[in-house]
Engineer: 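Sharing a structure with you now.
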Amino acid sequence: MSNDDRLIEIMAELLAQSYAQTEELRGMRQDLGSLRQDVNALQREQSKTNLAIGELRLSVMRLADKVEQIGELDKRLRIVENIVLRSAS
């Protein structure tokens, strides 16, 4: 009978360990779900950031074009100024 009692005791310990592991896995599953939500939120924010960077890049390219146009106008104006100064002298 003592062997049977020992066997029942071991089985009860295994059952308790199994229950504890099941609870631990449930907690890990909840943590994983929370982590998944955090990752999804970060992906949405990254998408917004990428769009904003694209818009900024386009704005910088447009600004560079305008600066180039102003540089060309400055060159033309200097030529006209030189012509006017030469003809005035």
Engineer: Nearest 0.5 angstrom please: Asp4 CG to Glu9 CD, how far?
Structural biologist: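 It comes to 12.5 Å.
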Engineer: Identify, with sequence neighbours excluded, every residue that meets side chain to side chain donor-acceptor pair (under 3.5 Å) alongside Gln46.
Structural biologist: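 Only Asn50 meet the side chain to side chain donor-acceptor pair (under 3.5 Å) criterion with Gln46.
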Engineer: Is there a side chain to side chain contact (heavy atoms under 4.5 Å, CB included) between Asn40 and Gln43 once you walk through the steps?
Structural biologist: CA-CA 5 Å; Asn40 287 338; Gln43 286 175 334; 3.4 Å; yes
Engineer: Would you please test Leu7 and Met11 for side chain to side chain contact (heavy atoms under 4.5 Å, CB included) and show each step?
Structural biologist: CA-CA 6 Å; Leu7 187 57; Met11 291 174 74; 4.2 Å; yes
Engineer: Find the distance between CD (Gln30) and CG (Leu32) and round it off to the nearest 0.5 Å.
Structural biologist: 11.0 Å
Engineer: Are more than 12 heavy atoms from other residues, nucleotides or ligands located less than 6.0 Å from atom CD of Glu13?
Structural biologist: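 It does: Glu13 CD has more than 12 such atoms within range.
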Engineer: First locate atom CG of Leu63, then atom CG of Leu56, and finally report the distance between them rounded to the nearest 0.5 Å.
Structural biologist: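 Taking CG in Leu63 and CG in Leu56, the distance rounds to 11.5 Å.
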Engineer: Do Gln17 and Leu14 come within less than 4.5 Å of each other through their side chains, counting heavy atoms only?
Structural biologist: yes
Engineer: Enumerate the residue pairs fulfilling salt bridge (charged side-chain N to carboxylate O under 4.0 Å, His left out) with a member in residues 76-89, sequence neighbours excluded, ordered by first and then second residue.
Structural biologist: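 Listed once each, the pairs are Asp74-Arg78.
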Engineer: Nearest 0.5 Å please: distance from the CE atom of Met28 over to the CG atom of Leu35.
Structural biologist: 11.5 Å
Engineer: For the residue pair Leu25 and Arg29, establish whether any side-chain heavy-atom pair is separated by less than 4.5 Å.
Structural biologist: no
Engineer: Quick one: does Glu55's side chain get under 4.5 Å of Leu58's, heavy atoms only?
Structural biologist: no
Engineer: Between atom CD1 of Ile70 and atom CG of Leu77, what is the distance when rounded to the nearest 0.5 Å?
Structural biologist: 12.5 Å
